[in-house]
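Note that these values count all heavy atoms, side chains included, but never hydrogens, waters or copies made by symmetry.
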Amino acid sequence: MTLSRTRLALVAVLGAGSLALSGCAVLGPQLGGSEAGESSPLVDSLDLVNPGQLTVCADIPYPPFEFMQGSDLVGYDIDIVQRIADDLGIPLSVVDSSFEAIESGSSLTGCDINASSISITEARQRIMAFSVPYLDDDLVLVAEEGSGITDLESAQGKRVGVQAATTGETFAEENGLAPIQFEDGGMQMEALRAGTVQAVLGNQSVVLYNVKDDPRYEVVAELPTGEQLGVAVAPDKAKLLSAVNASLQGMEEDGTLDESRARWFGEAATEGDQ
């Protein structure tokens, strides 16, 4: 669905990542111990970095995927990793990590799972193993109305903010922009609001969520890159990856993944999941 340049309709552009599980070995649900605190042979075999709990690295805050709501950590990724921990029957521990560490895979020395709106790319697949995709997430270029930026070409020579180490940064550089890097998505969006940059380029899920209620901004370019997001584990953690895929399959089958998509991205985000 095409976005109107004058209406930031987040729900109109988010597709649901199809869980195409053919060829993927998955373990059944209810993988954890039968009672609280009781570990199972499977959990013991997962070689978790902190025995008896699932440790997840995420770049916080990164709404709507992981951010603080009062004293609670919430978001789309948090819904998913909580389900994985629940299926394993163990507590969840979320560690705030830089996206550079997550994107490079180095965070997996201290975490079992990377879950932070990570686009699955060939380069990343060489250093991490990815789950089946759980969300389709193309790029967009958003600018303030009256900025003079009306498309990718007119953004040449302008101040365009990107988050460092992301596919948005790579796309900007490959298309002749000289992007201004920010350490995290929150700083990128604050720079747009403060006028430090004239536009931002990034994944539609995050960018549109952050400006959906602000009439000052418009989508000036939709960039269909075919990106899909996935949960990442270390390459030698095949059993853990299988458990992750089992939980994603379970969420798809019982409708909780659609519920989570609708909660964070709007009802239309579930339309592509047939």
Side-chain angles (χ1 to χ4, degrees), residues 2-14 58-68 75-77 96-104 116-119 121 123-124 135-227 229 264-266:
T2 302
L3 268 178
S4 164
R5 288 182 54 234
T6 59
R7 182 170 177 266
L8 295 172
L10 171 64
V11 297
V13 294
L14 283 170
D59 180 16
I60 306 167
Y62 200 64
F65 289 92
E66 43 268 336
F67 64 104
M68 298 304 298
Y76 186 59
D77 282 336
D96 186 7
S97 175
S98 71
F99 191 75
E100 286 89 343
I102 291 170
E103 187 265 347
S104 69
S116 196
S117 180
I118 311 170
S119 296
T121 66
R124 292 171 182 171
L135 192 72
D136 299 334
D137 199 12
D138 288 330
L139 299 174
V140 290
L141 179 66
V142 167
E144 187 170 5
E145 289 189 355
S147 66
I149 300 175
T150 57
D151 53 21
L152 197 60
E153 183 177 356
S154 60
Q156 307 289 326
K158 300 294 180 65
R159 300 188 307 276
V160 178
V162 298
Q163 183 178 355
T166 64
T167 54
E169 179 187 19
T170 300
F171 183 92
E173 291 174 343
E174 289 177 347
N175 285 272
L177 302 181
I180 299 172
Q181 299 177 353
F182 294 91
E183 184 178 348
D184 59 50
M187 294 172 65
Q188 176 193 17
M189 299 309 301
E190 284 303 314
L192 179 65
R193 295 186 182 97
T196 306
V197 297
Q198 297 164 284
V200 293
L201 193 157
N203 286 100
Q204 61 190 18
S205 59
V206 173
V207 173
L208 298 188
Y209 179 86
N210 277 277
V211 298
K212 61 186 174 70
D213 297 321
D214 195 328
R216 294 177 296 170
Y217 304 105
E218 59 183 353
V219 174
V220 296
E222 299 171 46
L223 309 168
T225 56
E227 291 183 43
L229 309 184
W264 299 113
F265 306 113

Interatomic spacing from CG in Asp59 to OG in Ser117 - rounded to 0.5 Å: 9.5 Å
From CA spacing to verdict: side chain to side chain contact (heavy atoms under 4.5 Å, CB included), Gln198, Val160: CA-CA 6 Å; Gln198 297 164 284; Val160 178; over 6 Å; no
Distance, nearest 0.5 Å, that separates CD1 of Ile180 from CZ of Phe182: 5.5 Å
Main-chain N/O of Tyr217 paired with Glu145 side-chain donor or acceptor, under 3.5 Å: no
Test log, rule side chain to side chain contact (heavy atoms under 4.5 Å, CB included), inputs Thr167 and Thr121: CA-CA 9 Å; Thr167 54; Thr121 66; 3.9 Å; yes
Min side-chain heavy-atom separation Leu135-Tyr76 under 4.5 Å: yes
Donor-acceptor contact present, side-chain Glu222 to main-chain Leu141, <3.5 Å: no
Beyond-backbone contact of Ile118 with Ile102, side-chain heavy atoms, under 4.5 angstrom: yes
For the student: nearest non-hydrogen atoms of Ser119 and Leu229, plus distance: OG-CD2, 3.6 Å
Distance in Å, Glu169 CD paired with Gln163 CD, rounded so as to fall on 0.5 Å steps: 9.5 Å
Distance-only polar pair, side chains of Ser116 and Glu66, donor-acceptor under 3.5 Å: yes
Main-chain N/O of Glu103 paired with Arg124 side-chain donor or acceptor, under 3.5 Å: no
Working for side chain to side chain contact (heavy atoms under 4.5 Å, CB included), residues Val219 and Leu208: CA-CA 9 Å; Val219 174; Leu208 298 188; 3.7 Å; yes
Shortest non-hydrogen contact between Tyr62 and Gly185, atoms and distance: CE1-CA, 3.9 Å
Closest approach of Val220 to Ala143 (non-hydrogen atoms, all atoms of both residues): CG1-CB, 4.2 Å
Check: Met189 main-chain N/O paired with Asn210 side-chain donor or acceptor under 3.5 Å: no
Any donor-acceptor pair under 3.5 Å from Asp151 side chain to Ala221 backbone: no
Leu177 CG to Leu152 CG distance, which is reported to the nearest 0.5 Å: 5.5 Å
Shortest non-hydrogen separation from Ala155 to Ile149 and the atoms involved: CB-CG2, 4.0 Å
Distance-only side-chain donor-acceptor flag, Asn203 / Glu227, under 3.5 Å: yes
Interatomic distance, Phe67 atom CZ to Tyr209 atom OH [nearest 0.5 angstrom]: 4.0 Å
Rounded distance (nearest 0.5 Å) linking atom CZ of Phe171 with atom CG of Leu223: 4.0 Å
Residue pair Val162 / Ala172: nearest heavy atoms and the distance that separates them: CG1-CB, 4.2 Å
Contact summary for Asp137 and Ser205, nearest pair of heavy atoms: OD2-OG, 2.6 Å
Test side chain to side chain contact (heavy atoms under 4.5 Å, CB included) applied to Arg216 - qualifying residues, sequence neighbours left out: Glu144, Arg193, Asp214
Check: Glu100 main-chain N/O paired with Ser104 side-chain donor or acceptor under 3.5 Å: yes
CA sep, side-chain torsions, deciding dist, call: Phe65, Val206, side chain to side chain contact (heavy atoms under 4.5 Å, CB included): CA-CA 8 Å; Phe65 289 92; Val206 173; 3.6 Å; yes
Student check: side-chain heavy atoms of Val140 and Leu201 closer than 4.5 Å: no
